[in-house]
Amino acid sequence: MPELPEVETTRRGLAPHLLGQRITAVEIRDHRLRWPVPLGLPGVLAGQTVRAVDRRAKYLLLRCDAGTLMVHLGMSGSLRLVNAAARPGKHEHWDIVLADGGVLRYRDPRRFGSLHWIVGEAADHPLLRELGPEPLSSDFTGERLYALSRRRRVPVKVFLMDSRVVVGVGNIYASEALYRAGIRPDRPAGRVALRRYDRLADAVRAVLQDALACGGTTLRDFVGGEGRPGYFKQDLQVYGRAGQQCRNCGNIVLMCRLGQRASYFCGTCQR
DNA sequence: ACTGGCTCCTGAGGGC
DNA sequence: TGCCCTCAGGAGCCAG
């Protein structure tokens, strides 16, 4: 599933092909994404030139002259550049046709993704306005986690996955980062000390950077054909490993459910 | 202000 | 070319 590293990898892969390109046509084959794709989109987008390809959280932002196209991949979405002659498959819901003949094609079997056109400052859009800092930016610190978590009783894992606290930490990486930091996922957020939040912020950065390094591999697979699941799988320490041995202490990895999400941890290494 | 629960959707996987 | 059930997951949204 597209986590932040994969969205960033997608951005890096697409940017060189999209920058400076004029959009000649847009075809929406299925409007039923998470939010209905605006009917007027092809009209406003045709003739626009892509000036920048940015990312905010897990949203891709294609900045054009008259506005910004905002794409979310949901959990099963992917974007590929394909040949104009390639027939769209079953779950390939929209195309953006470029002046050079290339086609930016969106595939999303579960349709949890979205497509918005934003006129004006994209950062002011309701979906972006309340977002916390990027995890790989200097604004993301243990001090911030500590300050925001005082008197919060939510499990620290749920807290870490709150996009107002920090963006881009999905279910897999939340479990992995907490394991690396030695913090139990079910510990109340307000009962984690500053020094341990420093460790956690470091762990989040480390996990995301490691995954980003693997993301390059994912993009190749994903551009070449089907995205293979579990590109980061071999590096996972706890996620999906309930009942197996902790790689550090040998005790059994446990699973619990927090905020309707499966959470994995070692009861010995994490406190 | 917080917190927990629900929701969208389809494919995968397990039981039979 | 088996059918049916359950579940996973990003994240917005809402009720209490």
Side-chain angles (χ1 to χ4, degrees), chain A residues 1-10 29-37 55-61 70-79 88-94 106-116 118 124-135 145 147-177 185-192 204 207-208 211 215 218 222 225-233 236 238-243 255-264:
Chain A
M1 64 226 66
E3 293 276 355
L4 185 139
E6 196 166 352
V7 177
E8 175 61 18
T9 303
T10 298
R29 286 178 291 273
D30 194 337
H31 291 259
R32 301 170 303 162
L33 298 186
R34 166 136 201 206
W35 291 280
V37 177
R55 178 186 59 75
R56 177 73 175 104
K58 293 177 187 169
Y59 291 96
L60 283 169
L61 302 172
M70 180 166 75
V71 184
H72 198 291
L73 301 178
M75 64 162 292
S76 62
S78 60
L79 278 171
K90 183 182 176 187
H91 299 295
E92 298 184 328
H93 307 309
W94 54 259
Y106 179 82
R107 172 186 148 88
D108 186 3
R110 297 190 184 179
R111 292 192 277 118
F112 277 20
S114 62
L115 182 62
H116 286 90
I118 306 171
D124 294 337
H125 190 277
L127 293 173
L128 303 183
R129 201 191 305 143
E130 312 284 339
L131 293 179
E134 291 288 327
L145 293 176
L148 289 179
S149 63
R150 292 311 85 189
R151 294 186 203 162
R152 296 287 304 274
R153 270 167 293 190
V154 276
V156 60
K157 174 167 173 280
V158 176
F159 174 72
L160 191 59
M161 291 175 65
D162 182 339
S163 64
R164 291 164 300 185
V165 173
V166 57
V167 301
V169 182
N171 197 41
I172 295 173
Y173 297 131
S175 278
E176 292 296 308
D186 57 352
R187 174 174 282 270
R191 300 200 47 198
V192 176
V204 167
V207 166
L208 291 177
T218 304
F222 148 77
E226 269 308 282
R228 206 158 31 87
Y231 67 102
F232 191 59
K233 204 170 182 176
L236 296 179
V238 284
Y239 186 85
R241 296 191 65 242
M255 195 271 265
C256 65
R257 199 157 284 277
L258 300 170
Q260 296 81 244
R261 290 290 116 82
S263 310
Y264 301 87

Item to complete: Sequence neighbours left out, what passes side chain to side chain contact (heavy atoms under 4.5 Å, CB included) with Val158(A)? Give chain and number order.
Response: Pro155(A), Leu258(A)
Fill in: Degree of bending in the helix from dC2(B)-dG16(C) to dC16(B)-dG2(C) once both end axes are built from five pairs, to 10°
50°
Discussion item. Measure NE2/His116(A) against C1'/dA11(C) and give the value in whole Å, please.
Written reply: 12 Å
Discussion item. If I take atom CD in residue Glu130(A) and atom P in nucleotide dG10(C), what distance separates them, rounded to the nearest angstrom?
Written reply: 21 Å
Discussion item. Restricting to salt bridge (charged side-chain N to carboxylate O under 4.0 Å, His left out), what partner residues turn up for Lys157(A), sequence neighbours left out?
Written reply: none
Worksheet entry | Nearest heavy-atom neighbours spanning Arg241(A) and Leu236(A) | CD-O, 3.7 Å
Worksheet entry | Residue list, side chain to side chain contact (heavy atoms under 4.5 Å, CB included) with His93(A), at least two apart or on another chain | Asp30(A), Leu33(A), His91(A), Tyr106(A), Asp108(A), Arg111(A)
Worksheet item: Looking at residues at least two apart in the chain, or sitting in another chain, which of them share a side chain to side chain contact (heavy atoms under 4.5 Å, CB included) with Arg150(A)?
Response: Tyr146(A), Tyr197(A)
Worksheet entry | Distance, rounded to the nearest Å, where Trp35(A) contributes CH2 and dA11(C) contributes P | 9 Å
Discussion item. At 4.0 Å (heavy atoms only), tell me whether Tyr59(A) reaches a base, stays on the sugar-phosphate, or touches nothing.
Written reply: sugar-phosphate
Worksheet entry | Arg164(A): salt bridge (charged side-chain N to carboxylate O under 4.0 Å, His left out) partners, not counting sequence neighbours | Asp162(A)
Item to complete: Could you check how far NE2 of His72(A) sits from C1' of dG12(C), rounded to whole Å?
Response: 10 Å
Fill in: Contacts of type side chain to side chain contact (heavy atoms under 4.5 Å, CB included), residue Arg191(A), not counting sequence neighbours
Arg187(A), Pro188(A)
Worksheet item: Nucleotide by nucleotide, 5' to 3', does protein get under 4.0 Å of the base (B), only the sugar-phosphate (S), or neither (-) in nucleotides 1-8 of chain B, counting heavy atoms?
Response: -SSSBB-B
Worksheet item: Nearest-Å distance, CG (Leu128(A)) to C1' (dG10(C))?
Response: 15 Å
Worksheet entry | Residues which pass ring pair (Phe, Tyr, Trp, His ring centres under 6.0 Å) with Phe112(A), listed by chain and number, not counting sequence neighbours | none
Discussion item. Without decimals, in angstroms, what is the distance between His31(A) NE2 and dC9(B) C1'?
Written reply: 18 Å
Worksheet item: What integer distance in Å separates Met75(A):CE from dT10(B):P?
Response: 13 Å
Discussion item. Which is more 5' along DNA chain C, the nucleotide nearest Met255(A) or the one nearest Leu131(A)? Just name the residue.
Written reply: Met255(A)
Worksheet item: Taking only N and O in the side chain of His91(A), is any of them less than 4.0 Å away from OP1 or OP2 of dG11(B)?
Response: yes
Discussion item. Testing the basics here: between Leu208(A) and Gly168(A), what is the closest heavy-atom pair and its distance to 0.1 Å?
Written reply: CD2-O, 4.2 Å
Item to complete: Would you mind reading off the distance between Tyr173(A) atom OH and dG10(C) atom P, rounded to a whole angstrom?
Response: 10 Å
